[in-house]
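Notes for the one structure printed next.
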There are 2 protein chains.
Amino acid sequence: MVNSENAKAQMRKGVLELCILSILSQGEAYPTEIIEKLKETKLVVVEGTLYPLLTRLKNTGLLSYRWEESTSGPPRKYYFLTEIGQTYLNELQVSWLELVNAVNTTVQNTK
Amino acid sequence: MVNSENAKAQMRKGVLELCILSILSQGEAYPTEIIEKLKETKLVVVEGTLYPLLTRLKNTGLLSYRWEESTSGPPRKYYFLTEIGQTYLNELQVSWLELVNAVNTTVQNTK
DNA sequence: TTTAGTACCTTGCACAACATAGTACTATAA
DNA sequence: TTATAGTACTATGTTGTGCAAGGTACTAAA
């Protein structure tokens, strides 16, 4: 059986970083909030993916976070973009547009 | 040092399958030819990536190939889309457009 | 004090891309 | 005829990412 689900998952990979940085450039957010925002645009991500990714982005200096108490559960980690993160995001956005152009050129020749 | 090269490479992953199937839907081609065509649109792929991918696509029934003698070296494997491959390509193209929309929505809210 | 809800974290696996090295065929030059 | 260069296909081991699954810890309500 040929199923494109796996290929779709593959395509999602690699743009997650871009999307998460984009979301955080609108203002700080904690992981559960980020997952919700991604869902709105049909990009489904699970915790097991997001937490390690956020840690990675923090360790490379693109993100930082602060703790904030919550009245409805454990404290939350609010992540936000660093200055380096903002610069990096701009680069990624350019790369994304270039990729879209490259792929669209290839695909459109098809028709 | 923060470098977006790795992230760019990650974004390329996942769209390769789409691009290769798209190229082959224009007519059969052998691996070296495919690499050339991808280079034209700035999607650089190396042999170590392409050959296993073509084998995978062949094994799942999306591609087929025929041997053809060459006057300038060893025989070439000319790959072409099967009927299943054509159907699958159509699905992938839809998925690609959906992904582009999702990411663009997220990115554009940034500005 | 038990249960439900929220939030964060860790481990192990699967898969794709890539670097690297190797085999094999042809044509040309020594 | 042998050696060399060019072309083409193949195999192996590593790495990075996403994800499934399971776990810890805090709060509030029953």
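A, B, ... follow the sequence lines: proteins, then strands. Residue 1 opens every chain.
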Residue A:Thr32, side-chain atoms from C-beta onward, closest of C:dA7, C:dC18, C:dC9: C:dA7

Residue B:Leu16, side-chain atoms from C-beta onward, closest of C:dG5, C:dA17, D:dC9: C:dA17

Pairing of A:Glu40 and A:Lys37 as salt bridge, 4.0 angstrom limit: no

5'-most by nearest nucleotide on DNA chain D - A:Pro75 or A:Arg56: A:Arg56

For atom OH of B:Tyr78 and atom C1' of D:dC9, their distance in whole Å: 14 Å

Charged N-O contact under 4.0 Å between B:Glu28 and B:Arg66: yes

Side-chain N or O of B:Tyr51 closer than 4.0 Å to phosphate OP1/OP2 of D:dT10: no

Between D:dA8 (P) and B:Glu33 (CD): distance, integer Å: 9 Å

Whole-Å distance separating the CD atom of B:Glu36 from the C1' atom of D:dA8: 13 Å

Most 5' of A:Arg12 and B:Gly73 on DNA chain D, judged by nearest nucleotide: B:Gly73

Separation of atom CG in A:Asn59 from atom C1' in C:dT10, rounded to whole Å: 15 Å

Minimum-distance nucleotide to B:Lys77 side chain [options: D:dT10, D:dC19, D:dA25]: D:dT10

Side-chain donor/acceptor of A:Glu47 to base of D:dC19, under 3.5 Å: no

Nucleotide C:dA7, atom C1' - distance to CD of A:Glu69 in whole Å: 12 Å

Position toward the 5' end of DNA chain C (nearest nucleotide), A:Ser70 or B:Ser72: A:Ser70

A:Tyr65 OH - C:dC8 P separation (whole Å): 11 Å

Atom-pair distance (CE on A:Met11; C1' on C:dA16), nearest Å: 14 Å

Chi angles and distances behind the side chain to side chain contact (heavy atoms under 4.5 Å, CB included) call for A:Trp96, A:Val15: CA-CA 8 Å; A:Trp96 165 248; A:Val15 298; 3.5 Å; yes

Nearest-angstrom distance from the residue atom CG of A:Leu99 to C1' of C:dA17: 15 Å

Pair A:Phe80-A:Ser64, side chain to side chain contact (heavy atoms under 4.5 Å, CB included): steps then yes or no: CA-CA 6 Å; A:Phe80 54 91; A:Ser64 187; 3.7 Å; yes

Touch class at under 4.0 angstrom, heavy-atom based, for B:Thr71 against every strand present: sugar-phosphate

Options C:dC18, D:dC19, C:dA7, nucleotide nearest the side-chain atoms of B:Val46: C:dC18

Sidechain N-carboxylate O distance under 4.0 Å for A:Arg76, A:Glu33: no

Of the listed nucleotides D:dA8, C:dC8, C:dG5, the one nearest the side chain of B:Tyr30: D:dA8

